[in-house]
2 protein chains.
Amino acid sequence: MGTLNEFQSGRDLSMEGLCTRLLERHREIVRIKKPHVAVANLARIVETTLTIANRKGFHSMSLRDLAEGSGLSMGGLYAYFDGKETLLMMILDTVAAAVDEVLGAPPPDLAGDPRARLRWLLETHVYLTEAMQPWFTFAYMEAKAFPQAGRDAATRSELATEALIADILADGVARGVFRVADVTMTAALVKPLLQDWYVKRSKYRRRGVTPERYARSVIAFVEAAVTPPADRSPTAP
Amino acid sequence: MGTLNEFQSGRDLSMEGLCTRLLERHREIVRIKKPHVAVANLARIVETTLTIANRKGFHSMSLRDLAEGSGLSMGGLYAYFDGKETLLMMILDTVAAAVDEVLGAPPPDLAGDPRARLRWLLETHVYLTEAMQPWFTFAYMEAKAFPQAGRDAATRSELATEALIADILADGVARGVFRVADVTMTAALVKPLLQDWYVKRSKYRRRGVTPERYARSVIAFVEAAVTPPADRSPTAP
DNA sequence: AAAAATCGAGCGAGCGCTCGCTATTTTATG
DNA sequence: CATAAAATAGCGAGCGCTCGCTCGATTTTT
């Protein structure tokens, strides 16, 4: 099993890397010409937004707060987005894109091994959400309270992850490795275990729980629930 | 195992019953003298608040929205609370009180049976949150974004429930009924399974999942994770 | 000197909240 | 038992303020 340090997503998940791709997806909204200027300021804007919004909510963050925190002026901000709602959407779709990119590319050599695929998915999800913790907290907290497009995107992303889990479980059942009464229901129950890592991150930090340990715990918990009793006898591997 | 219909909490969880107790706890704030008038209008105020806030967030609900929805005027509302924030607190502490009252009173005859206690707790939690679903959704969504006192209350309530789970697990381990590597960690993982029921209620409704079935699934999932392998062999009961 | 980036005072809309007032019910009085 | 007096409940225009957003002026870069 891997560790957070070994975790290689094949994607740059740093603030700069994420904002570079954010800029590419929104060239027609960001009115700044020089990419290095745009990316640098987007990074400060997003960083500040995540910090303030995760403390008191996106709605309660005023653009004056954001201007002060990011070092730009009120008017300056509007060269980077055309409204507060657009800023929200930019952040939300950056999270969704990261999920697609990272979880959508499992190592091909695991294809025939449902147990390994499940471990990889759970572990990678924990490490991904650890690397982008403020982004995921933001998306989780704000997606519900905002306009239809945002809600839909969040729902779709959530269901996509659930479908990945369900797919692995179904494969495992077909191969006789797992025993699961209801694949859809079980997948639905696994999802909140993954979300808890970033939703309650501060609780786990306070308790000194590392990402590695959390991933191990979730894997053990889920595997116990899907492994046929016969394979779990104390003498089995 | 019980069903939602048989579920008797020993407390009136109807809107009227809850608002009656809410009024008792806040007599010095509610300036309406006649209890039957106060309770009736509080019920309409709270009902409207939960509906609007769960759709677009408490912060985005204006008191004009609330006045229109509840049938009172702007000024009239202020006879029932002394500010928007107080209204929030009234609702949050009603939820906390209900949790204490219902989960704090397990059937005494289960005392010696950790497995039965665990089942009762999980089942009762699902039924309680089903009966007060809009209240719990509201508390979950709004507690974080609001003032210190609210955050603290939410954290304390959350940890209290977790402690109830941990207590049962520890008892089960001591009696050799459960096998759990880390009681605190496992309790932490059970909590989000219970929260998912009201946080994602609409998803489960869309899929036709009943409270009974959800409770059964969670119980099966958790029991698989805490039952020693030996007791799970196909020949065991 | 042209282009790009940034500035910040100012706008109208909408917010939470107040207050002088009316309408209704309860109580006191001859 | 009428009715005056007091208490209670409710009203909604309007206040001060902050919000998201705009735009002509200004600074910085090339």
Side-chain angles (χ1 to χ4, degrees), chain A residues 19 23 26-46 48-49 52-53 55-91 142 145-147 149-150, chain B residues 19 23 26-49 52-53 55-91 142 145-147 150:
Chain A
C19 286
L23 175 62
H26 297 284
R27 277 240 183 276
E28 70 288 0
I29 287 172
V30 180
R31 303 204 317 275
I32 301 302
K33 303 293 171 67
K34 290 176 246 184
H36 75 278
V37 175
V39 169
N41 280 328
L42 278 172
R44 303 170 55 127
I45 290 169
V46 170
T48 307
T49 300
I52 299 178
R55 194 176 57 238
K56 58 179 190 175
F58 183 73
H59 219 94
S60 298
M61 176 193 76
S62 75
L63 292 184
R64 285 167 182 79
D65 293 339
L66 178 55
E68 189 180 4
S70 64
L72 287 173
S73 66
M74 284 290 293
L77 290 177
Y78 275 80
Y80 293 87
F81 49 77
D82 59 15
K84 202 185 177 191
E85 190 179 307
T86 300
L87 173 60
L88 174 76
M89 290 311 210
M90 285 173 164
I91 298 178
E142 307 299 344
F146 255 94
Chain B
C19 285
L23 175 62
H26 297 284
R27 277 239 184 274
E28 71 287 0
I29 287 172
V30 179
R31 303 204 317 273
I32 300 302
K33 303 293 171 70
K34 293 179 237 186
H36 74 277
V37 175
V39 169
N41 280 329
L42 278 172
R44 303 168 53 118
I45 290 169
V46 171
E47 181 90 55
T48 307
T49 300
I52 298 178
R55 194 175 57 237
K56 58 180 190 172
F58 183 73
H59 220 95
S60 299
M61 176 192 77
S62 76
L63 291 184
R64 284 165 184 83
D65 292 340
L66 178 55
E68 189 180 4
S70 65
L72 286 173
S73 64
M74 284 290 293
L77 290 177
Y78 275 79
Y80 292 87
F81 48 77
D82 59 14
K84 201 186 178 192
E85 191 179 306
T86 301
L87 173 60
L88 173 77
M89 290 308 210
M90 285 175 165
I91 297 178
E142 308 298 345
F146 256 94

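Order of the sequence lines sets the chain letters (A, B, ...), proteins ahead of strands, with each chain counted from 1. Note: hydrogens, waters and symmetry copies are ignored here, and every other heavy atom, side chains too, is used.
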Identify, with sequence neighbours excluded, every residue that meets ring-ring contact (aromatic ring centres under 6.0 Å, His included) alongside A:His26. none
Report the distance from atom CG of B:Leu66 to atom C1' of D:dC11, rounded to the nearest whole Å. 15 Å
Using the test side chain to side chain contact (heavy atoms under 4.5 Å, CB included), find all partners of B:Lys33 that sit at least two apart in sequence or belong to another chain. none
Who are the side chain to side chain contact (heavy atoms under 4.5 Å, CB included) partners of A:Arg64, not counting sequence neighbours? A:Ser62, A:Met74
Side chains of A:Phe58 and A:Ile52, heavy atoms from C-beta outward: is any pair under 4.5 Å? no
Atom-to-atom span, NZ of A:Lys33 to P of C:dT6 - whole angstrom: 13 Å
Taking D:dG10, D:dG20, C:dT6 as options, the one with an atom nearest any side-chain atom of A:Ser62 is D:dG20
Apply salt bridge (charged side-chain N to carboxylate O under 4.0 Å, His left out) to B:Lys56 and list each qualifying residue two or more places apart in sequence or on a separate chain. B:Asp65
Interatomic distance, A:Leu87 CG vs D:dC21 P [rounded to whole Å]: 10 Å
How many Å lie between CG on A:Asp65 and C1' on C:dG8, as a whole number? 16 Å
Could you tell me whether the side chain of A:Met90 reaches within less than 4.5 Å of the side chain of A:Ile29, counting heavy atoms only? yes
Tabulated below should be each protein N or O lying under 3.5 Å from an N or O of nucleotides 25-30 of chain D; please produce it.
unit_1 : atom_1 : unit_2  : atom_2 : d
D:dT29 : O3'    : A:Lys34 : NZ     : 3.4

Between C1' on D:dC23 and CG on A:Leu77, what's the gap in Å once rounded to a whole number? 15 Å
Just to confirm, is there a sub-4.0 Å distance from OP1 or OP2 of C:dT6 to any side-chain nitrogen or oxygen of A:Asn41? yes
Can you pull the side chain to side chain donor-acceptor pair (under 3.5 Å) pairs that have at least one residue in residues 81-91 of chain B, sequence neighbours excluded? B:Asp82-B:Thr86
Rounded to whole Å, the CE-P distance (B:Met61 to C:dG14) equals 18 Å
To the nearest angstrom, how far is B:Glu68 atom CD from D:dC11 atom C1'? 15 Å
For nucleotides 17-24 of chain C, just jot down a letter per nucleotide in 5' to 3' order: B, S or -, based on protein non-hydrogen atoms under 4.0 Å. BBB-----
Would you please name every residue forming a ring-ring contact (aromatic ring centres under 6.0 Å, His included) with A:Tyr80, sequence neighbours left out? none
Across all chains, not counting sequence neighbours, the side chain to side chain donor-acceptor pair (under 3.5 Å) partners of A:Ser60 are B:His59
